[in-house]
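First comes the structure, then the notes that go with it.
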Protein chains: 2
Amino acid sequence: MVEHSKQLDLAFHALSDATRRGILDRLSRGPASVSELAKPYQSSLAAIHQHVQVLEASGLIVTEKRGRTRECRIAGEAVQRVENWLSERRQLWESRFDRLGRLLEGGDITKGDNA
Amino acid sequence: MVEHSKQLDLAFHALSDATRRGILDRLSRGPASVSELAKPYQSSLAAIHQHVQVLEASGLIVTEKRGRTRECRIAGEAVQRVENWLSERRQLWESRFDRLGRLLEGGDITKGDNA
DNA sequence: CGAATGCTCAACCATACACTTAAGTAACAG
DNA sequence: CTGTTACTTAAGTGTATGGTTGAGCATTCG
């Protein structure tokens with residue numbers, strides 16, 4: 001369970017903005033250019049471009065310059081890594097919760113994993 | 001797929017800081033007081049208290065005043081909600097990827113779900 | 001060629017963040 | 001009652017973020 005602390009900082013920060021989540025949402029349905037991504041929003045293209053940069057720096061998306069447009073795609077494995085971090089913590093919490101349940105039922109707490 | 005945008009903003013923002021993730025990590029192993037949470041860090045108690053407030057506002061933890069100490073616990077279902085948001089996007093992206101794979105193999109793309 | 005398109009870069013601004021220190025309040029302990 | 005503990009609040013500080021406008025730079029089109 002290595003701590004890719006910097007990457008998690010960037011990824012969670014990238015996800016903490018509704019516009020960026022919207023962009024990710026859009027990209028989960030297929031690649032798009034920066035201006036396609038900008039269309040649903042009032043913000044300037046430059047602002048969206050900055051959001052794209054934040055997403056790319058976080059590793060959640062990858063982009064590639066194709067002619068004068070930039071193709072943006074979601075990076076599934078990075079999303080998976082973030083998901084896993086959450087999943088690990090939740091499972092730990094839930095297993096503790098289960099152990100507590102057994103204890104309250106008078107079961108043997110030592111049957112679970114470590115203290 | 002309702003957008004609890006504000007809650008997601010708060011949750012992802014809360015998770016974007018290594019100290020707060022550390023606190024969550026600690027709490028996934030069981031409840032703790034604010035000063036117990038502060039022990040591993042150099043920061044002032046006030047700083048940790050602020051982090052706890054951020055985490056509580058995000059719904060990722062719940063706290064309860066017990067005498068002069070405050071007991072902090074992780075809120076598994078909130079973690080689960082965040083996890084689900086990520087999972088939904090990743091699965092969408094992956095299903096698209098699968099469809100693309102079938103297309104490249106000469107399969108029938110219409111067998112997948114919506115366009 | 002020259003014009004339009006799509007992105008990129010730079011500078012600036014207002015707000016939000018993560019701290020800090022210092023003072024304040026509410027349990028307990030003696 | 002007095003002191004200690006444990007949290008809480010307030011105010012202040014430096015830095016980062018998200019947004020703007022405006023200019024710059026490669027394509028691509030006519």
Side-chain angles (χ1 to χ4, degrees), chain A residues 3 5-27 30-74 82, chain B residues 3 5-27 30-74 82:
Chain A
E3 253 289 336
S5 205
K6 273 281 162 51
Q7 274 302 101
L8 283 173
D9 278 12
L10 293 174
F12 280 123
H13 169 68
L15 288 164
S16 73
D17 180 275
T19 301
R20 286 192 292 262
R21 285 198 305 279
I23 289 174
L24 216 63
D25 221 2
R26 164 66 188 79
L27 292 180
S33 69
V34 175
S35 34
E36 278 169 0
L37 292 175
K39 265 179 196 161
Y41 304 99
Q42 312 264 273
S43 297
S44 66
L45 182 62
I48 301 298
H49 177 241
Q50 284 171 19
H51 282 307
V52 167
Q53 285 180 321
V54 169
L55 283 165
E56 181 163 30
S58 78
L60 291 170
I61 72 171
V62 293
T63 77
E64 188 192 354
K65 192 93 189 190
R66 296 176 69 79
R68 66 184 153 170
T69 81
R70 176 171 295 275
E71 188 182 85
C72 308
R73 286 178 287 110
I74 204 169
V82 175
Chain B
E3 254 289 336
S5 206
K6 273 281 162 51
Q7 274 303 100
L8 283 173
D9 278 14
L10 293 174
F12 280 123
H13 168 68
L15 288 164
S16 72
D17 180 275
T19 301
R20 287 192 291 263
R21 284 199 305 279
I23 289 173
L24 216 63
D25 220 2
R26 165 64 188 81
L27 292 180
S33 69
V34 176
S35 32
E36 278 168 359
L37 292 175
K39 264 179 198 160
Y41 303 100
Q42 313 262 271
S43 297
S44 67
L45 182 63
I48 301 299
H49 177 242
Q50 284 170 17
H51 282 307
V52 167
Q53 285 180 321
V54 169
L55 283 165
E56 181 164 30
S58 77
L60 291 171
I61 72 171
V62 292
T63 78
E64 188 193 354
K65 192 91 189 191
R66 296 177 70 78
R68 65 185 152 169
T69 80
R70 177 171 296 274
E71 188 182 85
C72 308
R73 286 178 287 110
I74 204 169
V82 175

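Reminder, nothing fancy here: chain letters follow the sequence lines and each chain counts from 1. What you see below is based on every heavy atom in this structure, not just the backbone, and it leaves out hydrogens, waters and symmetry mates.
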Would you kindly give the [atom1]-to-[atom2] distance between [X] and [N], to the nearest whole Å?
X	N	atom1	atom2	value
B/Ile23	D/dC7	CD1	C1'	14 Å
A/Glu64	C/dG6	CD	C1'	16 Å
A/Leu10	D/dT17	CG	C1'	13 Å
B/Arg70	C/dA26	CZ	P	14 Å
A/Tyr41	D/dT20	OH	P	14 Å
B/Leu45	D/dT5	CG	C1'	11 Å
A/Gln42	D/dG19	CD	P	12 Å
A/Gln53	D/dT17	CD	P	13 Å

For A/Thr19 and for B/Arg68, locate the closest nucleotide of DNA chain D by heavy-atom distance; then report the residue assigned to the nucleotide nearer the 5' terminus.
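Looking at the nearest nucleotide for each, B/Arg68 comes out on the 5' side.
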On DNA chain D, does the nearest nucleotide to B/Glu71 precede the nearest nucleotide to A/Val54 from the 5' side, or the other way round? Give the residue.
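On the 5' side of the pair lies B/Glu71.
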Report the distance from atom CD1 of B/Ile48 to atom CG of B/Leu37, rounding to the nearest 0.5 Å.
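Nearest 0.5 Å value for the CD1-CG distance: 8.0 Å.
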Donor-acceptor contact below 3.5 Å, side chain A/Arg70 vs main chain A/His49
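It does not hold such a pair.
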Near A/Arg73 CZ, under 6.0 Å, is it more than 12 heavy atoms from other residues, nucleotides or ligands?
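Open.
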State whether [X] places a side-chain N or O below 4.0 Å from either non-bridging phosphate oxygen (OP1 or OP2) of [N].
X	N	answer
B/His49	C/dT21	no
B/Lys65	C/dA27	no
A/Ser33	C/dC7	yes
A/Arg66	C/dC7	no

Is a donor-acceptor contact shorter than 3.5 angstrom present between the side chain of B/Gln50 and the base of D/dT9?
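Answer no: no donor N or O sits under 3.5 Å from an acceptor.
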Can you figure out which of [options] approaches the side chain of [X] most closely?
X	options	value
B/His13	C/dT8, D/dA6, C/dA18	C/dA18
A/Ser43	D/dC7, C/dC7, D/dT20	D/dT20
A/His51	D/dG18, C/dC19, C/dC7	D/dG18

Report yes or no: do A/Arg21 and B/Ser5 form a side-chain donor-acceptor pair below 3.5 Å?
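On atom types as modelled, these side chains qualify, holding a pair under 3.5 Å.
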Mind checking [X] for me? I need base, sugar-phosphate or nothing, with any heavy atom below 4.0 Å counting as a touch.
X	result
A/Ser44	base
B/Glu36	nothing
A/Arg20	sugar-phosphate

Evaluate the side-chain proximity of B/Thr69 to B/Glu36: yes if any heavy-atom separation is below 4.5 Å, no if none is.
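B/Glu36 vs B/Thr69: side chains apart.
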Which sits closer to the 5' end of DNA chain C, B/Ser16 or A/Ala46, going by the nucleotide each is nearest to?
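Counting from the 5' end, the first nearest nucleotide belongs to A/Ala46.
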Which one of A/Ile61, A/Thr63, A/Ile74 satisfies the side-chain contact (heavy atoms from CB on, under 4.5 Å) criterion with A/Leu55?
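Of all the options given, the one that passes is A/Ile61.
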